[in-house]
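First the structure, in the form of structure tokens, and then the observations on it.
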There are 2 protein chains.
Amino acid sequence: MEDGTFRSPGYCGDTDADYDVLQWDTRADCEVRQILDRIADKWSLLVIALLDRRSLRFTELRRMIDGISQRMLARTLRHLERDGLVSRTVHPTVPPRVDYELTPLGATLHKTIRALVTWTETHQNEVATARAAYDKRVAAEQARAEREAAERDAIAREVLAVRR
Amino acid sequence: MEDGTFRSPGYCGDTDADYDVLQWDTRADCEVRQILDRIADKWSLLVIALLDRRSLRFTELRRMIDGISQRMLARTLRHLERDGLVSRTVHPTVPPRVDYELTPLGATLHKTIRALVTWTETHQNEVATARAAYDKRVAAEQARAEREAAERDAIAREVLAVRR
DNA sequence: CGGTATCCCCTAAGATACTG
DNA sequence: CAGTATCTTAGGGGATACCG
């Protein structure tokens, strides 16, 4: 079975007087955090996005999602089903046929996810630029540090040569 | 240094004719996916959320986020800085003081993130209910399977007893 | 076809210790 | 205080094999 998501279930409503009134519950076992971790994982987003268009069979999903293993697809679908985001329908035909589709709840989530993806698409250039700038800064700094180290080294050698 | 984010950088714009026109690029190395993976990770969301209120020092963040290690906070902040979402200001005092704050870009992201968190908060009960129902279904099914197995076992023993 | 079970590897992340 | 460097371990995830 591999387990589900059971750590310490409660422990989420009590305010420890130390955390003050933050808008978010930053504690590790908070339920919101758990849900967030689930939907933010590598494959779930893709699956939800694909199912938004129409219901799909296991193998269809498998073929559409590049790089996913059978195991991970099964796991992901099981999780989404458990969370009530995806429904699973078995057609008792032969060969068997299983359809997955978004539940109404899943559909509402998809809207929100779209917003995130849209943000990413809209700002990917800015992010790319920022990354390039950062990498350049770091590289420059490293080069400078190395040059200075070399200089100090040279001076030290000089001093030692004179002393001897 | 621990590496950055460099797998196969390109390989994102070419349509392989096999994937058809999906609204999303489902391929693993797509830039959008990389950004998504980054911002959707466990700690980034929390950091962004906390910084939205005001700029914070390293240790403040460390204390506010339950369960984060020094290493992960440093890494997360480095990533966010690289992506241009957070800015880092060093005050050359002693003891040193470093402030982190959201950049304008980071602030726009926060709005989107809020939507996601709001969704989670709004629907956490539905998810919890779905989970409970699912677990119950699974448990019931397992119990039934075990009972049937026991029955078959009993019948088999009976048959064997008669034969002997 | 649509899975589950098993093995196994490798990396992400925690703990610890040290530095400017 | 604000980090990096190093070591170690859990578990995420791939490959394979087998069942209904």
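In the text below, chain A, chain B and the rest are named by the order of the sequence lines, each starting its count at 1. Everything quoted here is computed from the prediction, not taken from an experiment.
For the pair A:L77 CG and C:dC1 C1', the computed distance is 14 Å after rounding to whole Å. With rounding to whole Å, B:R75 atom CZ is found 13 Å from C:dT11 atom P. Regarding B:R88, its CZ atom lies at a distance of 16 Å from the P atom of D:dC1, rounded to whole Å. Taking atom NE2 on B:H91 and atom P on D:dA2, their separation rounds to 10 Å, with Å as the unit. Atom CZ in A:R63 sits about 9 Å away from atom P in C:dG2, given to the nearest Å. Note: OH (B:Y100) to P (D:dA2) measures 8 Å, nearest angstrom. One atom, CG of B:L61, and another, C1' of D:dC1, lie 14 Å apart when rounded to the nearest Å. Note: CD (A:E81) to C1' (C:dT4) measures 15 Å, nearest angstrom.
In terms of heavy-atom proximity, A:R57 sits nearest to A:E60 at N-OE1, 2.7 Å. Shortest non-hydrogen contact noted between A:W43 and A:T76 is CB-OG1, 3.7 Å.
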For every nucleotide of nucleotides 14-20 of chain C, 5' to 3': is a protein heavy atom under 4.0 Å from its base (B), only from its sugar-phosphate (S), or from neither (-)?
BB-B--B
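When the nearest nucleotides of DNA chain C are assigned to A:P95 and A:R78 by heavy-atom distance, the more 5′-ward of the two goes with A:P95.
Note that CG of B:D83 and CZ of B:R38 are 5.5 Å apart. Values are rounded to the nearest 0.5 Å.
Not counting sequence neighbours, A:R54 has no partner by the side-chain hydrogen bond (donor to acceptor under 3.5 Å, both in side chains) test. Partners of B:S69 by side-chain hydrogen bond (donor to acceptor under 3.5 Å, both in side chains), not counting sequence neighbours: none found. Every residue was checked against the side-chain hydrogen bond (donor to acceptor under 3.5 Å, both in side chains) condition with A:T120, not counting sequence neighbours, and none meets it.
Put simply, the side chain of B:T59 never gets that close to the backbone of B:R62: no donor and acceptor are under 3.5 Å apart.
Side-chain atoms of B:A74 lie closest to D:dT4 of the nucleotides C:dG3, C:dC1, D:dT4.
Checking each of A:L51, A:I48, A:L45 against A:H110 for a side chain to side chain contact (heavy atoms under 4.5 Å, CB included) leaves exactly one that passes, namely A:I48.
For residues 85-97 of chain A, the set of pairs meeting the salt bridge (Lys or Arg N to Asp or Glu O under 4.0 Å) definition, not counting sequence neighbours, comprises A:R97-A:D99.
End-to-end axis angle of the helix from C:dC1-D:dG20 to C:dG20-D:dC1, from C1' rotation axes over five pairs per end: 50° (rounded to 10 degrees).
At the phosphate of C:dG2, OP1 or OP2 sits under 4.0 Å from a side-chain N or O atom of A:R57.
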